[in-house]
2 protein chains.
Amino acid sequence: MNLKTLAEALGLSQTTVSRALNGYPEVSEATRKRVEEAAVRFGYRPNSRAKGLATGRAMLIGQVIPTTTQHEMVNPVFGDFVAGASQTLARHGYDMLLTRVPGDDEGKVYREFRARGAVDGVIIQAPDVRDDRIALLNQIGLPFIVHGRSTGVEEPYSWVDVNNTQAFRRATEFLLQLGHRRIALINGLERMDFAFRRRKGYLQALEAAGLAPDPLLMCTDEMTEQFGHHKTRYMLGLDDPPTAFLCSSMLSAVGIRRALQDLGLTMGRDVSVIIHDDDLSYLRNGDDIPLFTATRSSVRHAGELLADALMQLINDPDHPPITRLLEAQLVVGSSTGPAPLRAARLPS
Amino acid sequence: MNLKTLAEALGLSQTTVSRALNGYPEVSEATRKRVEEAAVRFGYRPNSRAKGLATGRAMLIGQVIPTTTQHEMVNPVFGDFVAGASQTLARHGYDMLLTRVPGDDEGKVYREFRARGAVDGVIIQAPDVRDDRIALLNQIGLPFIVHGRSTGVEEPYSWVDVNNTQAFRRATEFLLQLGHRRIALINGLERMDFAFRRRKGYLQALEAAGLAPDPLLMCTDEMTEQFGHHKTRYMLGLDDPPTAFLCSSMLSAVGIRRALQDLGLTMGRDVSVIIHDDDLSYLRNGDDIPLFTATRSSVRHAGELLADALMQLINDPDHPPITRLLEAQLVVGSSTGPAPLRAARLPS
DNA sequence: AAGAAAATTTAAAGCGCTTTGAGACGCCCA
DNA sequence: TGGGCGTCTCAAAGCGCTTTAAATTTTCTT
């Protein structure tokens, strides 16, 4: 059933039927009602591609699946983020187009998106420090918004980000107030902007307290469970081990917990842990009382806000960049406590 | 830059240029070379919608984001599955269209997909027992393939699934061989087919061993970390507690581990645990030696196979249904051991 | 060298929709 | 009675591509 046959069935012209269905005022209410009814009865829905060709809109938002180049890992926050964003997009009649790039040729995909008119806008995930995708997208003129920011990029662009620096500064200060002096940082890959900023916050707090950072207590890698486990064991074997861990990911913190329990140590008493909690639906940080003390910010909510902003940008091409900085909550759980008099160490 | 201007720039007709770019044999090699070169030079890419309108293909595969109706949870396997599937789709020139349904009106989306011609095929996730989406899709004639199967659906359809029954039967047998008699099943929601089959495998093994299943040792819910934690504490508080746990999800098993460690119990000695391991990239089950004994099957790989099969179905509409049953490996880790003489119990 | 066959190239129709510019109709008022 | 003005409807062009059917050029055969 297409517009033509529907119009014929109604004894009207295609124009009138199209207008009736798209809410134009030039159609009498009686006609509109009649048309809408028939459309429902015949199960008519306008062909996406024909409509898109005529209107110049794809009603799709592009997103490249974020795989970390090295190990082709899929970020665990991806699912929740997409769920949040696409819920909002759906409300505006948009769907999400997902694509996977062989190699790290993401720029090529964006150029193609533009040339093919495949999407009306793009969401950029996991920006690096000085991410060159931003300049590229500004240049090719495809509406976009970044989930996160990119330190060192001066040109204007739209973004939604968590205040990572502040979150990790506050978390570090909190540990310092509890008397911890040797605080480890288990961070994501520091070429990624969020990790860079978290380290910055951590360093700011140490510096304000007059403490020199110890390179031995800072590490950075893919945020897997195993990474947290390995590094915890390693650090607790140091001559001067940490009494607290600041960890960028819930998943790595599960590894920290495993390492501590392997060693018979109690989290919150022998060793304190603070994590960043993206509030993932399948990896909740406790029900009422959080398991981990955490800087919390829902990535799903970020997806919703970001999608809303992108809709604005697309509907008004001259709209100035939209930026939105979300503050993470510092929620206190049972994984933190006063620094022990004597640091726990690996039995050697 | 569109076909018309490119053709004009080359002094050729649109037809010839189109044919040259699409590899038709009626074009001389010299012309083809010239056209291809110009296309690259001008950065020409055919408009997706125009091409789709002319060919009747969308070059998109639809997928509804699987949110568990109750809590709007995003399945953690989703990310890895999508990564696998879209890699294969990309090789065939397809992208993935993601959409979110308000409510549980998934059927409406498929009808719309079809009526709008929005996608060329569809991937069905997380089938229930007697899932009515299958009949619907067969009826509306949209090519589709199911990730999983649906017990009770008699009509033919294409699917890629892990042999869940066999996997859990073998896992249970393995525990029985180790001397365990009280084996708990921490399962996903049993309206879902995979969970239903896993229970079936578990029950088969018990029956073969002449053991009666104990309802107190079987539970089913969203497979969160907390679910595993709660249930483990609960079951170890029973009068006749289990000595082993069979768990449908790595994430819930992390909760089991936490509960055991809370209680000062050692996994693999006091209590044995076997999990199903989807081999998620951020949640690896150990490097060389698996942490958990597991029935392992890569969901990413399943995504690749499934996408390949869907491509076949789309390219040949008369192709009979494709089915592919994957066997899970039973890999032995350090979470299993002989049944203890005396079951560990919660101190009361 | 002429005619047939093969190799290229082309004009134009069509995919299903939106939208422009114009037409038909009814109504009111001078 | 005729013109002016809303209101409603329509024919047709156009979005950018593919593809059919036909035209043109080149190559081969005798």
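None of these values were measured; they are calculated from a predicted model. In what follows, every chain begins at residue 1, and chains take the letters A, B, ... in the order their sequences are listed.
Ion pair A/Glu29/A/Arg32 flagged as a salt bridge, since at least one NZ, NE, NH1 or NH2 atom sits closer than 4.0 Å to an Asp/Glu carboxylate oxygen. A salt bridge does not link B/Asp193 to B/Arg149: none of the charged side-chain nitrogens sits closer than 4.0 Å to a carboxylate oxygen.
One atom, CD of A/Gln14, and another, C1' of C/dT19, lie 12 Å apart when rounded to the nearest Å. In this entry the distance linking OH of A/Tyr24 with C1' of C/dT18 reads 7 Å, nearest Å.
At a threshold of 4.0 angstrom between heavy atoms, the contacts of A/Ser18 include nucleobase atoms, whether or not backbone atoms are also involved. A/Arg49 comes within 4.0 angstrom of no nucleic acid atom, judged by non-hydrogen atoms across all strands. Residue B/Thr16 is in base contact, counting any heavy-atom pair closer than 4.0 Å across all strands shown. Residue-level contact check: B/Thr55 touches the backbone only, with heavy atoms under 4.0 Å from sugar-phosphate atoms and none from bases.
Of the possible donor and acceptor atoms, none in the side chain of A/Ser48 sits under 3.5 Å from a partner among the backbone N and O of B/Gly117.
Just one residue in the list B/Val119, B/Leu310, B/Ile123, B/Val122 forms a side chain to side chain contact (heavy atoms under 4.5 Å, CB included) with B/Phe144, and that residue is B/Val122.
Judged by atom type and distance alone, A/Thr15 reaches the base of C/dT19 through a side-chain donor-acceptor pair under 3.5 Å. Residue-to-nucleotide contacts include no donor-acceptor pair under 3.5 Å from the side chain of A/Arg57 to the base of C/dT18.
Between B/Pro46 and B/Arg19, the one whose closest nucleotide on DNA chain D sits nearer the 5' end is B/Pro46. Across the interface with DNA chain C, nearest-nucleotide mapping of A/Glu26 and A/Lys4 shows A/Lys4 to be the residue nearer the 5′ end.
Applying the ring pair (Phe, Tyr, Trp, His ring centres under 6.0 Å) test to B/Phe81 and every residue at least two apart in sequence or in another chain returns B/His147.
Of all nucleotides in DNA chain D, those with any atom nearer than 4.0 Å to a heavy atom of chain B start and finish, going 5' to 3', at D/dG16 to D/dA21.
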Please assess A/Tyr157 against A/Arg133 for the test side chain to side chain donor-acceptor pair (under 3.5 Å), listing each intermediate value before the final yes or no.
CA-CA 11 Å; A/Tyr157 61 97; A/Arg133 291 176 291 179; over 6 Å; no
